[in-house]
Every structure is written in structure tokens, then in C-alpha cells.
Novice: 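So that we are looking at the same thing, I have put the structure below in C-alpha cells.
Values reported hereafter were calculated over all heavy atoms of this structure, with side chains retained and with hydrogens, waters and symmetry mates removed.
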Amino acid sequence: MRITELLQDVTIDLGVKVSSKDEAIDYLIDLMTKGGNITDREEYKKGILAREATGTTGIGGGIAIPHAKNKAVAKPGLASMTVPDGVDYEAMDGEPSDVFFMIAAPAEGSDLHLEALARLSTILMDPEFKANLLNAKTKEEYLKLIDQKESEKFPEEVSDNHEEAVSAKTGDYQILAVTACPTGIAHTFMAAESLENKAKEMGYALKAETNGSAGAKNILTKEEIERCEGIIVAADKNVEMARFEGKQVLQTKVSDGINKPEELIQAILDHNAPTYHHSGAAEEEDTGEGEGIGRQIYKHLMNGVSHMLPFVVGGGILIALAYLFDDPAMNPANFGKNTLLAAVLKTIGEQAFGFMLPILAGFISMSIADRPGLAVGFVGGALANGGYTFSNVMSYDSSTAISSGFIGALLAGFLGGYIVVILKKLFDKIPSALEGLKPMLLFPVCGVLITGVIMIAVNPAAGAVNAALNHFLSSMGKTSSILLGAILGGMMSVDMGGPFNKAAYVFGTAQLTVLNAGSAQYAIMAAVMAGGMVPPLAIALCTTFFKNRFTESERKSGIVNYIMGLSFNTEGAIPFAAGDPLHILPPCIIGSAAAGALSMAFECGLPVPHGGIFVIGVITNPLMYLVSVAVGAVIGMLIMSVMKRPLKKA
């Protein structure tokens, strides 16, 4: 059903002025009432508010799509309005919302709201189209713009061109896929491309939806889902699953989409994947059904780490610059704040650092329990960071408190998330009239209190473990530090972004969260990044100097790996490692281990968790750091050239 078929003249209003989220919702509901779509205004509003309580429908970019599948809906419909001045709708990007679509779907029947959501999300991804809607002067112009965009995005509804893009075997997309990784940058799109290319090679048409950093693209439609044989969900973070109810769904990690595309596709074709049954949770929430505990924990952890990284990067670079621009001779005890410029940089950087652990805990908790978990985890992380205990809460002194650091923040994140999940179940039976109290009163008060008390109780033990680990790292001898650098560097190449790679990376990042981190902590992060830079560089060098080992296509891709390696994107090596793991992985692991060991030996330090060559200015002993990476890459190249035999000439 097209969007223009769900909109009516009376359910559209342009140039509206509202001052709050509540006013915006009320205005849209009034439009929906004028269209005769709902029979009970208050009941429908309860459904809208209940949906908002699970997470805002302000999707960002100025767009909001509130929706409800509700017994008060007499017939499916849409209401829409533009708010040129914008209004705070608690959007995901924090920006005001100015284009609104409200969806009403009957409680019984098909998931029309999912179809409408998919269509609206698809067409509204175009900033120019969205701007045209906002500038429309009449309702007729508004509807015409939508009709033209729908026809452009869904040409199969107005022509027979759709047949040109489908499989010759079935006349349709036989297999669908959804790919997603925590950062939404590299693995997401590599997995989609790998699956689509392998399916084409096998003679089938596969469509892959990518849940990248800029949002979902190439979104699967309801019709495609209904007609396909099955869906591959290759994702390391939560994706929308309710739409797959009753379909054959194979859930796996994103790296399998890159490395095992044929195996996954064949499982769908052979009907070896389980039938998916949704638990009845909110449509946007992936409950993790069908996944192991370890994998769910990994996804929640990566959600927290990905949100924490901007604070580590921003704060770390500013603090490093403060030391770079300061004069230690003025007052060695106040190094970093002796000059005005240095003091400003260090103060701002320290504030950014101060948010790292609460952000980590808050977004782990939010990944588990959705929006109600954010505040609970954030407070738990702050308590862990501050080292609060029952013995010091009455007379707190930050100089004597023992912070539980990264370990405590992890504990607070998972503890807070699962406490909110339990609270959701406990409060599930309260009267519907009190539904609005859950997100605004019950979840935050009870969740923060319970999590806070537990964290204060366990902080002494967690702080002792954290202190012991930091003491061990600080007291490492030369030999043991070089060995640790080799291990961490090698781990970065074992699975190119998988669990081993992420474990080493998270360990390195964790050391940067230590208050007043010293050379030992910075050295660990330097070794980790050196190890991660080597695989793409080693492959790039090998494709340049030993061309007869690679196809023409691989040689072209090898050039891109120079950029990937220098910018610390280990994922650039994945296509090569997936195609020939026996001859690519061992050289990369050895080269990465060498780079990590040398970085430690030269006492290089890195106060930020990313950046590659672009943060060379803040690396301690930068010249020898570059030597470490270069030596590791050359070692990897030489071993690779020996292990890979020249290709046979046709």
C-alpha cells in the first residue's frame, strides 16, 4: 500500500507551530481523528506514548515517525505535518524535528506499520526530498512530492522494470539479508557485498539491507520478505527482527557474512535455518532470540565501546596536545597546565575523559534494556569511576577513593541493563492508565537506586582488582612488556575485527580510561594500533612488489589497503584473508606481533584509541613507532611472498 493512499487532505497540515513533543503528538492525533482513522483518541494516544517509552521515534535528520498498532484504530492511515521552526522531539541525534509522519495500524491484521515505516525510512533518507517537503506550500504539492518519490524508489509498482533486477531462476529475490557491525563502517558493507556477489555467482538474486553508521540502507520491503525463502541476519548489533515473523531466518555474526557467504546461502536454500518467532517486544528491538549468551554479551559490550570511543579520542588528543604545547621547565609539578593554551586544552580533554566510563556503562545498559537502561547504566558507571563505597559516602575524598575503572563500568552496564529488564517484567501488570509512569518514574528511580546500592557494595572488590591490574602493568619488566606487545599485536590479525581482534582492542582502550594513565597504559594502546595497521599494509606491499601472486582485481584492491592500513582500518585485509586464509593470516599475524613487540621495546605511547598515521603528532617516540609499523609490514610481506606461490599463467 502506497503512502499516498494512506494520507488524506485532512490529515496533512503544513507550517505548524508546536512548542513541545507532547503538543506535536496531540496535534498529529487530532489530524488522525479528522481523517476518521481512530475511534478512541485517548486509547490511541496511550499506544503512541507506550511506543515512545521504549525509545524515541525521532529518527534524526529532522524526521519523526510516531506510530502505534492499536485497538482504537478503525482503519489504517497516516497523518503528517511540517514544523518549519522545529521542535525538540528527543530525536536520536539531539536535533529538532520538523517533518512528521504518524502511522495508525489496526491491532488485528498485517503489520502495516512496519511496511509504512520501511517506505518512509527509504524515501526520507534523501535530504533534498525531505527539504522539498518542508518547503511545500500546498497539500497538493506535498502529496505530489511523495507520489513522485515513491514512484522513483519503488518502480516495480508502476512498471515492469523490476523483472530486470531479479533472479532468472525464481523471478524474485529468493534470499534476503541484513548486515550490521558495531561501528557500521567496514564489516557491514563488506558482508553485504560478499553475500550479494556469492549469490550472483550461484545463480540467485540476493538483496542485502545494510545497517551502517548512517542508518539502514536498501531496506527490505514487506512484499520482499513475504516472497523470499529465507533471510540471513549477519549482524553484531541489534537489528529490527519482528518483520521476519514466521520466516526462515539464519542469525550469525557479521564476519560469517564476509567469510562464509556460500555456506549461509546454501543453508537457506536447503531449508536448514530455523523459523523465526518474535517474542512480542518492541519492533525495533532485537531480543537476541536464537543467539548464545556469549554473543549477546559481545554485542552489548561493542555497543558501549563504540559510543565511548569519541570521548576517548577527543579527550586523549586534547590532553596530548596540552603536554605538547606546555613548558615543563616553568613548573614540573603542574606540567600540562603551565600556559593558558595548555591549561585550556587539558581541562577540556579531562572533562571528555571523565564521561568515558559512564558512557560505556550507559550504552551497554541501553543495548540490553533499550532507552530506560541508559540513565541506570550511566549512574552505575559514574559510581564505579568515582570509587564510591559505604565507607566513604559520608565523607567522600576523591584522592583516597579507589576507582573500579573499566572493570567497574562493565559491571555497572550489564548489571543496570538486566535490572531494568527485570523491572520491566515486574511492572508489566500495572494498570494501563499508569503506563506513562514507567519510563518517567518507576524505571529510573528503582533502577538507579538498586544499581547504585549494588555498585557501592561491590566497588571495593572491583577497585582492588582494577588497582592490581594497573600495578601489574606499571611494574612490567622490559621482557614481559615486549611479550605482551607481541601477543596483543598478533591478536589484532587473528580474525581481522572478530572477537580476538576486538578483545585486544578493548583491552588497549581500557587502559586509556585509567585516571592519570602513565607510560605503561599508553604503550599498550600503541602496540595494539601498530598490530592493527600491519595486515592491510603487508598485503598492499605484497601486491605491489610481488604482483605475480595476485590477480589484477586483487592488485587494484591492494592499492586501497595502503590507505586502510595507514588509517588503522584492519578490515581492509578481510577480503584477502577470506579468500586465502592459509597463506594470508600467518604472515599478517607474525608481522603484527613483530610491530607490537617493537613498539613496546621502543617505549612508544599512544593516548588515543584510533587514528593511525593521522595522530602521529601525539605518539610518544613517533619515529620509532613508524619504524615498528614499517618493519612489521615488511616482515608480513616477505613471509606472504614465500607462502603464496605465483599464479599460473593462462
Side-chain angles (χ1 to χ4, degrees), residues 307-362 378 381-388 392 395-409 459 463 466-467 469-471 473-476 481 508-529 599 602-625:
H307 282 89
M308 178 189 75
L309 287 181
F311 294 86
V312 185
V313 174
I317 289 181
L318 291 177
I319 291 173
L321 289 174
Y323 289 121
L324 187 65
F325 294 132
D326 200 18
D327 182 4
M330 295 176 63
N331 182 0
N334 195 40
F335 183 41
K337 290 189 175 182
N338 285 322
T339 65
L340 178 60
L341 175 59
V344 169
L345 291 171
K346 194 164 188 286
T347 298
I348 297 173
E350 286 173 342
Q351 293 304 308
F353 257 41
F355 284 109
M356 292 185 304
L357 296 180
I359 288 292
L360 172 68
F378 197 99
L383 291 170
N385 191 31
Y388 289 89
N392 69 17
S395 55
Y396 180 74
D397 183 355
S398 60
S399 63
T400 60
I402 301 177
S403 170
S404 55
F406 193 81
I407 295 173
N459 257 343
N466 193 54
L469 175 61
N470 293 330
H471 176 73
L473 294 174
S474 300
S475 61
M476 280 192 309
S481 65
T509 305
Q511 305 317 306
L512 302 183
T513 67
V514 179
L515 295 178
N516 302 314
S519 59
Q521 282 77 18
Y522 291 162
I524 289 170
M525 191 65 240
V528 167
M529 190 167 84
S599 177
F602 293 133
E603 298 182 352
C604 302
L606 176 65
V608 293
H610 217 292
I613 193 135
F614 302 106
V615 294
I616 194 68
V618 301
I619 295 178
T620 306
N621 204 358
L623 179 60
M624 298 315 296
Y625 186 78

Novice: What residues form a side chain to side chain contact (heavy atoms under 4.5 Å, CB included) with L623, not counting sequence neighbours?
Specialist: none
Novice: In chain order, what residues pass the side chain to side chain donor-acceptor pair (under 3.5 Å) check against S404, with sequence neighbours excluded?
Specialist: N459
Novice: Excluding sequence neighbours, so at least two apart, what forms side chain to side chain contact (heavy atoms under 4.5 Å, CB included) with Y396?
Specialist: Y388, N392, S398, A401
Novice: Are any of the side-chain heavy atoms of M525 and P609 separated by less than 4.5 Å?
Specialist: yes
Novice: Are N621 and F602 close enough that some pair of their side-chain heavy atoms sits under 4.5 Å apart?
Specialist: yes
Novice: Is there a donor-acceptor contact under 3.5 Å from the side chain of N338 to the main chain of N331?
Specialist: yes
Novice: Nearest 0.5 Å please: distance from the NZ atom of K337 over to the CG atom of N334.
Specialist: 7.5 Å
Novice: Indicate yes or no: at least one non-hydrogen side-chain atom of L360 is less than 4.5 angstrom from one of F406.
Specialist: yes
Novice: Could you tell me which residues satisfy side chain to side chain contact (heavy atoms under 4.5 Å, CB included) with S481, sequence neighbours excluded, listed by chain and number?
Specialist: M476, M600
Novice: How would you list, by chain and number, every residue that makes a side chain to side chain donor-acceptor pair (under 3.5 Å) with D327, sequence neighbours excluded?
Specialist: none
Novice: Could you pull out the closest heavy-atom pair between A352 and G315, with the gap in Å?
Specialist: CB-CA, 3.7 Å
Novice: For L345, what residues pass the side chain to side chain contact (heavy atoms under 4.5 Å, CB included) criterion, not counting sequence neighbours?
Specialist: L318, L321, A322, F325, L341
Novice: Walk me through whether L606 and Y522 qualify under side chain to side chain contact (heavy atoms under 4.5 Å, CB included).
Specialist: CA-CA 5 Å; L606 176 65; Y522 291 162; 5.6 Å; no
Novice: By the salt bridge (Lys or Arg N to Asp or Glu O under 4.0 Å) test, which pairs, at least two apart or in different chains, include something from residues 603-614?
Specialist: K478-E603
